[in-house]
Amino acid sequence: MKRYDAVTLEAKWQTRWEKDRLHEARDFDPRPKFYFLTMYPYPSGDLHIGHWYAMAPSDAAARWRRMQGNNVLFPIGFDAFGLPAENAAIQHGIHPYKWTMDNIARMRRQLRSMGAMWEWSREVVTCDPEYYVWNQWFFLKMYNRGLAYRALAPVDWCPKDHTTLAREQVVGEERVCERCGTPVIKKNLEQWFLKITAYADELLDFSGIEWPDRVRTLQENWIGKSLGVEFELKVQGHPGVSFRVFTTRPDTVYGMTFAVLAPEHPLVDQLTTPDRRADVEAYKFKAARQSDIERLSTEKERDGVPIGAFAINPMNGEHAPIFIADYVLLTYGTGAIQGVPAHDARDLDFARKYQLPIPVVVAPPGWDGRPLAEAYLGEGTMVNSGPFTGLSSREGWERIADYMEQRGIGQRKASYRLHDWLISRQRYWGTPIPIIYCSHCGTVPVPESDLPVRLPEDAEFLPTGESPLKLHEGFRRTRCPQCGGQAERETDTMDTFIDSSWYQYRYVSPHDTQRPFDPEVGRYWLPVDQYTGGVEHAVMHLLYTRFWTKVMRDLGMVGFGEPMLRLFNQGVILGEDGEKMSKSRGNVVNPDAYVNSVGADTVRAYLMFIGPWEGGGPWNSRGIEGVHRFLQRVWNLVHDTTETGKRGNGETRKHKARGPQPETRQSNDGHELQHWTHKTIKKVTEDLEGFHFNTAIAALMEFVNYMYKVKDEQAGATPWREAVRSLVLLLAPMTPHIAEELWASMGESYSVHQQGWPSYDATLARAELVTLVLQVDGKVRDRIQVPSGLTDAKAKEMALDNEKVRRFMDGRQVADIVVVPGRLVNVVTK
RNA sequence: GCGGAAGUGGCGGAACUGGCAGACGCGCAGGCCUCAGGAGCCUGUGGGGGCAACCCCGUGGGGGUUCAAAUCCCUCCUUCCGCACCA
């Protein structure tokens with residue numbers, strides 16, 4: 001028998017498939033289209049086992065779709081802009097372009113070894129001007145619609161990477177840079193933003209897409225919508241001066257005993273009285289310094305200082321002292337709040353510290369009129385609230401909101417935690433922002449006809465942290481497109497999440513030079529039917545790409561508002577020690593080593609077998625041997641029974657003496673084998689549909705174990721041939737190379753991957769004999785084999801006749817008999 | 001603190017809509033084959049009791065619903081993830 005030499009046969013078939021362009025997706029093909037997309041990799045230089053874990057099951061699912069009769073688009077590309085390339089330039093003097101392209105070349109080879117059905121002719125590389133020109137084009141479209149704007153704002157700055165970051169890229173309690181883990185600091189800078197907040201409400205709507213609840217929840221929390229009322233507080237002794245506060249509790253407005261402005265609030269200077277000036281300045285200085293240092297201070301005591309002015313409660317005209325305090329953030333709501341200590345824990349802390357009154361205005365059920373021990377946040381009956389006294393707080397909320405709206409005091413309003421997307425990066429290796437600053441004309445967009453604004457190739461990469469573009473005179477100095485005078489280019493580049501916000505559209509027609517993609521071809525392929533990738537992108541990439549698609553819809557470029565109909569998040573593969581893989585821990589698994597020993601098919605199948613795909617889990621080098629053993633068994637089984645004259649010798653016949661298992665007893669006519677074939681097809685089909693690769697492979701293992709048991713009596717017969725054919729077809733999506741080789745060795749016509757997915761006969765998939773569980777009072781007492789179509793009456797009869805059932809009934813009367821057809825009979829006694 | 005997910009053998013995990021707990025694989029044990037094996041094949045493998053047929057217990061803890069609970073409800077514990085002064 002031929003040896004299973006995975007390494008050789010995998011290389012052979014990969015070459016053949018590529019030569020035959022087997023994986024080409026054809027635009028406008030009449031078969032139903034299926035756009036299957038897996039997140040493109042960053043070209044770090046080495047294909048990690050984590051890439052395999054994300055991509056190999058995706059490939060299996062895409063291949064399965066194709067066998068199901070779909071015209072499948074399964075593209076790949078590289079997320080090629082980003083900091084590591086620039087850092088390599090600074091440290092080793094290699095140009096980012098060269099570093100990136102060398103890595104891509106290396107990763108292409110590694111990716112090919114996976115045997116995936118990617119269509120390389122559609123490859124997209126985002127650092128190619130052919131690609132990033134469209135980033136600039138989109139930017140201009142957004143600029144024209146007011147969706148891209150420049151503003152001075154306190155922004156997050158990573159001191160190690162020397163660049164600003166989007167809020168989404170600052171993570172954890174320590175507020176560290178998502179890329180390098182350095183704590184970020186705040187800086188006031190003029191930066192470019194994209195107005196994602198304009199779509200906040202739409203982004204909360206997930207109807208029409210099947211995304212995991214997990215991602216949905218993360219996005220909802222991130223957007224952080226809360227409904228409330230924004231109303232005006234006039235300032236005593238300052239006619240015409242007022243500020244607005246946002247509250248989700250207008251029902252508590254009668255309990256306001258102070259008001260707080262954020263220390264950076266623009267009215268602070270104007271309202272501060274001379275006697276308070278020194279304290280206020282000192283506090284502002286302290287607050288500014290503190291926000292510049294780490295903000296670990298959740299436990300920190302709440303403090304503030306009065307500014308000497310008083311706000312007038314619009315409901316009852318009472319005067320409330322105005323404070324500044326750093327627990328109020330300028331970046332949320334209006335940067336000012338009403339202080340209602342009885343009904344807000346933070347306000348209560350503050351009021352206690354400064355001995356402010358704490359009147360109760362919403363009485364908890366059964367309240368005895370005494371001061372509350374802690375802030376009461378729940379609903380109750382309104383008290384001390386003028387004409388609203390006596391209403392339920394729920395009702396009072398609405399009535400006070402109505403009152404404020406009628407009198408022009410305030411309006412109902414939604415507030416969001418979501419901020420606009422800061423896209424400026426003070427780095428070289430990204431898309432130049434196509435803007436020119438002219439001393440006469442101001443901010444001028446680069447005309448579309450002048451695109452792309454290319455990155456200069458001769459930039460210098462110095463370890464100073466200064467952006468190379470800023471120091472590049474040839475790039476920076478330019479002419480104003482409007483007046484022709486001397487002008488300067490914007491030297492910041494775009495966040496690389498811009499690239500990934502629309503790459504799925506570029507794959508549709510990756511070489512179109514006239515537009516981001518061909519709308520005709522787009523109408524055929526779009527949107528993405530299935531997207532797969534890690535959950536770490538939940539509030540970054542996955543939120544941005546939804547936003548981008550809605551903008552594209554509003555630009556008339558696509559006829560839908562959601563980029564990906566279904567999303568699946570795979571888990572994370574861990575090191576053998578159960579820890580996250582890292583070089584420093586020394587637990588990194590190198591896929592290439594396994595590919596070169598046991599083959600890509602084994603690595604693929606093992607990663608799918610390890611557990612549910614969404615779960616991830618530790619790598620186990622013994623576990624992979626088990627899967628390799630399985631493929632070896634498949635190989636031997638197919639060869640042993642297809643190579644003529646090799647079966648039925650005395651050696652294999654020996655097993656027969658032991659006697660078949662009960663379920664296989666009557667398998668001589670091949671019926672039982674047929675049943676196994678069909679039930680396995682059913683199981684694998686259903687499992688692949690839901691990405692349950694682990695149980696699909698387990699079912700195939702059971703099938704093979706069964707086939708080994710019966711092969712001496714079955715091999716050569718028609719049901720056997722069907723079983724072997726089905727087995728190979730069912731394996732094809734997951735282990736494409738061995739399936740192709742076995743398919744060829746069976747004399748079937750090339751290619752196994754162009755065959756239809758086997759269908760099953762529901763009747764055959766159902767067993768002829770089923771195990772009926774017999775219970776007495778809910779305890780299993782016996783199991784009997786019965787024909788599958790048994791009537792309930794007959795089942796009852798058989799149960800009552802059963803010797804063990806009778807024994808355990810112990811002479812008691814039958815109270816009830818529960819029958820679950822084909823499964824169990826439970827005899828309940830009195 | 002708020003929000004989410006999850007707790008099943010020595011390990012990874014399986015179990016449709018409440019109906020045989022532990023499929024499949026790893027590991028372990030015994031056997032066969034072999035000059036040899038860390039290769040291959042076969043058998044066994046949740047815990048406890050029994051010579052055995054068999055019996056009892058068992059899905060994080062406690063309680064409940066039900067003829068029947070890993071699955072549904074209540075409660076507590078643990079772990080992981082996200083957000084965190086968001087007014």
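Source: prediction; values computed, not measured. Order of the sequence lines sets the chain letters (A, B, ...), proteins ahead of strands, with each chain counted from 1.
Nearest heavy atoms, A/R244 versus A/G410: NH2-CA, 4.2 Å.
At a threshold of 4.0 angstrom between heavy atoms, the contacts of A/N705 are confined to the sugar-phosphate backbone, with no base atom among them. Within the 4.0 angstrom heavy-atom criterion, no nucleotide atom of any strand lies near A/V535. Residue A/F350 is out of contact with every strand shown, counting any heavy-atom pair closer than 4.0 Å. A/G224 comes within 4.0 angstrom of nothing in the nucleic acid, heavy atoms only. Heavy atoms of A/R633 sit under 4.0 angstrom from primed sugar atoms or phosphate atoms, though from no base atom.
One finds a side-chain N or O of A/K779 lying less than 4.0 angstrom from the OP1 or OP2 phosphate oxygen of B/C57. Here A/N221 does not reach the OP1 or OP2 of B/A84: none of its side-chain N or O atoms lies under 4.0 Å away.
A/L543 places its CG atom 14 Å from the C1' atom of B/G82, with the value rounded to the nearest Å. Going from atom OH of A/Y708 over to atom P of B/G25 covers 13 Å, rounded to whole Å. The CD1-P distance, from A/I697 to B/C26, rounds to 13 Å in whole Å. One atom, CZ of A/F246, and another, P of B/C85, lie 16 Å apart when rounded to the nearest Å. In this structure, A/I223 places its CD1 atom 15 Å from C1' of B/G3, rounding to the nearest Å.
B/G60 and B/U78 have their C1' atoms separated by 7 Å, with the value rounded to a whole Å. Spacing of P atoms, B/C41 relative to B/G25, comes out at 11 Å, to the nearest Å. Comparing B/U71 with B/A6, their P atoms are spaced 14 Å from each other, to the whole Å. Rounded to whole Å, the C1' atom of B/U17 lies 38 Å from the corresponding atom of B/G49. Comparing B/A68 with B/G64, their C1' atoms are spaced 15 Å from each other, to the whole Å. Taking the P atoms as reference points, B/U59 lies 14 Å from B/G7, given to the whole Å. Spacing between B/C26 and B/G9 at atom C1', rounded to whole Å, works out to 13 Å. Spacing of P atoms, B/C28 relative to B/A39, comes out at 10 Å, to the nearest Å.
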Identify all pairs in which a protein N or O lies below 3.5 Å from an N or O of nucleotides 36-39 of chain B, and state each distance.
none

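Comparing A/Q632 and A/R781 by the nucleotide of RNA chain B whose heavy atom lies nearest to each, the residue mapping closer to the 5' end is A/Q632. Nearer to the 5' terminus of RNA chain B, by closest-nucleotide assignment, is the contact made by A/D816 (compared with the other of A/W222 and A/D816).
The side chain of A/T217 lies closest to B/G3, out of B/G3, B/C56, B/C54. Checking B/C83, B/C54, B/C42 against the side-chain heavy atoms of A/R417 singles out B/C83 as nearest. Checking B/A87, B/G82, B/C81 against the side-chain heavy atoms of A/R214 singles out B/C81 as nearest.
Using a 3.5 Å distance cut-off with no hydrogens or angles, the side chains of A/N221 and A/R417 do not pair a donor with an acceptor. A donor-acceptor contact closer than 3.5 angstrom links the side chains of A/D201 and A/Y416.
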How does protein contact run along nucleotides 13-21 of chain B, one letter per nucleotide 5' to 3', with B for base contact, S for sugar-phosphate only, - for none, heavy atoms under 4.0 Å?
SS-B--BBS
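With a cut-off of 3.5 Å on both pairing distances, B/U17 has no Watson-Crick or G-U wobble partner at all. Base pairing of B/C35 is not made with any nucleotide, judged by Watson-Crick or G-U wobble geometry with both donor-acceptor distances under 3.5 Å. A 3.5 Å limit on both hydrogen-bonding distances identifies B/A6 as the Watson-Crick or G-U partner of B/U78. Nucleotide B/G46 forms a Watson-Crick or G-U wobble pair with B/C57, both donor-acceptor distances falling under 3.5 Å. Nucleotide B/G1: paired with B/C83 (Watson-Crick or G-U wobble, both distances less than 3.5 Å).
Side chains of A/V828 and A/D777 form a contact here, defined as non-hydrogen atoms less than 4.5 Å apart. Between A/T829 and A/F808 the shortest side-chain heavy-atom distance does not fall below 4.5 Å. Proximity of A/I624 to A/W619: side-chain heavy atoms (C-beta onward) are separated by under 4.5 Å at one or more points. Between A/Q338 and A/F231, the closest side-chain pair of non-hydrogen atoms falls below 4.5 Å.
Side chain of A/E576 to main chain of A/S621: a donor-acceptor pair is present (N/O by atom type, distance under 3.5 Å, no hydrogens or angles).
Within the 6.0 Å centre-distance limit, the rings of A/Y354 and A/F323 are counted as a close aromatic pair. No close placement of the A/H628 and A/Y594 rings is indicated, their centers lying 6.0 Å or farther apart.
Ion pairing between A/R249 and A/D251 holds under the 4.0 Å rule for side-chain N and carboxylate O. A salt bridge links A/K711 with A/D640: at least one charged nitrogen is closer than 4.0 Å to a carboxylate oxygen.
In this structure B/G47 sits in the anti conformation; its chi angle is more than 90° from 0.
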